[in-house]
2 protein chains.
Amino acid sequence: MTVPTGRRERKKAATRRKIADTALRLFLERGYGSVGIRDVAAEADVAVTTLFSHFASKEALVFEQDENFEHRLAQAVTDRAPREPLVRALRREIQAMVRHCASDSAAPVWRMIDESPALRQYEESMRLRHADSLTTAIAADLGLSPATTACRTIARFVIDSHALAREAADPEAAVDEIFRMIEAAWEVAFPSRRARGAVPPGSTGQRPAGP
Amino acid sequence: MTVPTGRRERKKAATRRKIADTALRLFLERGYGSVGIRDVAAEADVAVTTLFSHFASKEALVFEQDENFEHRLAQAVTDRAPREPLVRALRREIQAMVRHCASDSAAPVWRMIDESPALRQYEESMRLRHADSLTTAIAADLGLSPATTACRTIARFVIDSHALAREAADPEAAVDEIFRMIEAAWEVAFPSRRARGAVPPGSTGQRPAGP
DNA sequence: ACCGTAACACTAACGGTTAGTGTTTTGAAA
DNA sequence: TTTCAAAACACTAACCGTTAGTGTTACGGT
């Protein structure tokens, strides 16, 4: 079990990328529903079982880069400038993501997603993971347990903002508008010293994080 | 196409209920994943195609009453007492729903849902419909277009509160806490006359009652 | 009494997914 | 280098949810 940075890994990554690229190309050419897993496997010149050893499901072929998404949000929290408000850092990141979704390169993919119920459903279930991941990052930043209701709520609202903004007529303006609402929610949950509130922090489930 | 309140409808409803009851019983007895559609159909003494003419999917067997859920939220908006704040009516309804989820009769079902990824995913996709439906009700109440970002955002937050509270240690307290955040978001999106002027954050909670 | 229709049944299949089994490739230890 | 365990890959065959196609009843309205 040493560090495996050899040819094997490169080959594996190459196979994975070939499958994903082939799938996306076929999906965009013929439509997601009209392309079967067996078609993708044949075109990528791999066995069906090999395809499923790289991707957990057909939908996962489309959201290949979603781990990236998940990771960027957590990083936006942990890697932000010292003293920068947490919510502001998240707004910037969501803003960038929404902008990218509307870019020419990504737009056809998102149109395909919007047209497929199966893909929309999968996207929604990804949000659960994203929200959980973001909850962990936020809770860690605040020194609270990830079970804290307020942390989970803010995380969920932030994830929602991406979905809501993507469907809005003016996505970037929507992000700003939604984040004004999120910041208000944040202030209620975690009153800052600056904003006079003298309201004790959330009355439920608040526990300092363990070691 | 007259009012069809005859035997046919009763028979149909009976078949539907028999299928749903049988399914739920088998799922709880043997586990959701260990019971196949063919098992349910055989036990309910109907053909598989008949089962699918009553329910769109296997998961829909578990969430049989979800139309009820969707309808109740919209009703909470439209049927509330005159002048009652919209958000407060929604909080009451969500509170009641969450309480019901924790009741002895419903608890085993929700435990089953929590343990099945397929069911959790389906539940999450239901929320899209619920949020859309609630968006329509809220927008109508405010005389706005359902496309308004703030309406869609509030609706989504309210739907989230149900999911978040259900997973919290103290669900009812969680609903209160989340709705304090939602009300703050609401005030930012739709500033009320009463709340004009310098109002310190945190004072827009559900407490300043008064009819 | 009749007819249109909605419910139901049955057979086959489709498409995503997995189990089981065996083969090749690869990284590193001997 | 040789050897070896693990990992990737392939293949067959199936499982399971779901649907199409085709009838067959049973009901309700006329």
Side-chain angles (χ1 to χ4, degrees), chain A residues 1-20 22-24 26-27 30-64 112 116-123 125, chain B residues 1-20 22-24 26-27 30-64 112 116-123 125:
Chain A
M1 256 317 176
T2 55
V3 191
T5 45
R7 187 180 327 171
R8 182 182 282 172
E9 284 230 325
R10 261 179 287 125
K11 280 204 173 183
K12 180 173 181 176
T15 301
R16 181 190 164 89
R17 207 161 289 153
K18 184 176 184 183
I19 294 173
T22 304
L24 203 56
L26 292 184
F27 290 159
R30 308 185 207 160
Y32 179 76
S34 308
V35 178
I37 284 290
R38 291 161 178 92
D39 298 332
V40 175
E43 184 85 7
D45 200 29
V46 296
V48 171
T49 47
T50 300
L51 187 154
F52 277 108
S53 75
H54 285 273
F55 298 92
S57 67
K58 185 186 181 185
E59 294 89 42
L61 288 165
V62 173
F63 293 97
E64 186 219 1
M112 178 179 79
S116 161
L119 288 175
R120 287 190 67 86
Q121 179 164 354
Y122 184 85
E123 186 197 357
S125 80
Chain B
M1 246 296 244
T2 55
V3 192
T5 38
R7 187 178 330 178
R8 184 180 281 172
E9 281 231 325
R10 258 180 289 128
K11 281 203 172 182
K12 179 173 183 177
T15 300
R16 180 190 165 90
R17 206 163 292 150
K18 184 176 184 183
I19 295 172
T22 302
L24 203 56
L26 292 185
F27 290 160
R30 307 186 208 158
Y32 179 77
S34 307
V35 179
I37 283 290
R38 291 163 178 89
D39 298 331
V40 176
E43 184 84 8
D45 198 30
V46 296
V48 172
T49 45
T50 301
L51 188 155
F52 277 109
S53 75
H54 285 273
F55 299 93
S57 67
K58 185 186 182 185
E59 295 88 42
L61 287 166
V62 175
F63 294 98
E64 188 217 1
M112 178 179 78
S116 161
L119 287 175
R120 287 190 67 86
Q121 179 165 356
Y122 185 84
E123 186 196 357
S125 80

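Computation of the quantities below employed the complete heavy-atom set of this structure, encompassing side-chain atoms and omitting hydrogens, waters and symmetry-equivalent molecules. Residue numbering restarts at 1 for every chain, and letters A, B, ... go by the order of the sequence lines.
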Revision key, fill the gap. Contacts of B:Glu59 and B:Lys11 projected onto DNA chain D by closest heavy atom; the upstream (5') one is B:Glu59
Let me know the distance between [atom1] of [X] and [atom2] of [N], rounded to the nearest Å.
X	N	atom1	atom2	value
A:Ile37	C:dC14	CD1	P	17 Å
A:Gln121	D:dT18	CD	C1'	14 Å
B:Phe52	D:dA20	CZ	C1'	14 Å
A:Phe55	D:dC9	CZ	C1'	15 Å
A:Leu119	C:dG16	CG	P	12 Å
B:Arg10	D:dA26	CZ	P	16 Å
A:Arg16	D:dC9	CZ	P	12 Å
B:Arg17	C:dA7	CZ	C1'	17 Å

Point to revise | Distance, nearest 0.5 Å, that separates CG of B:Leu24 from CZ of B:Arg17 | key: 13.5 Å
Check your understanding: In Å, rounded to the nearest 0.5 Å, how long is the span from OG of A:Ser125 to CD of B:Glu123?
Key -> 12.0 Å
**Study point:** Base D:dC9 paired with A:Ser53 side chain (donor-acceptor, <3.5 Å)
**Key:** no
Practice item. Between B:Thr15 and B:Arg38, just flag the one whose closest nucleotide in DNA chain C comes earlier from the 5' side. Key: B:Thr15
Revision key, fill the gap. Ranking A:Thr49 and A:Gly33 by the position along DNA chain C of their nearest nucleotide, the one closer to 5' is A:Gly33
Reckon [X] touches a base, only the sugar-phosphate, or nothing at all at heavy-atom distances under 4.0 Å?
X	value
B:Val46	sugar-phosphate
A:Val35	sugar-phosphate
A:Asp45	sugar-phosphate

Check your understanding: Does the B:Thr50 side chain pair with the main chain of B:Val46, one donor and one acceptor, at a distance under 3.5 Å?
Key -> no
**Study point:** Candidates D:dA10, C:dA9, D:dC9 - which lies nearest the side chain of A:Ala47
**Key:** D:dA10
Check your understanding: Picking from C:dA9, C:dT17, D:dG17, which would you name as closest to the side chain of B:Thr50?
Key -> C:dA9
Review point. Nearest heavy-atom pair of A:Ala23 and A:Val40: which atoms, and what distance?
Key: CB-CG1, 3.7 Å
Exercise for review: May I ask you to test the A:Lys58-A:Tyr32 pair for a side-chain heavy-atom distance under 4.5 Å?
Suggested key: yes
Review point. Is A:His54 near enough to D:dC9 that one of its side-chain N or O atoms lies under 4.0 angstrom from OP1 or OP2?
Key: yes
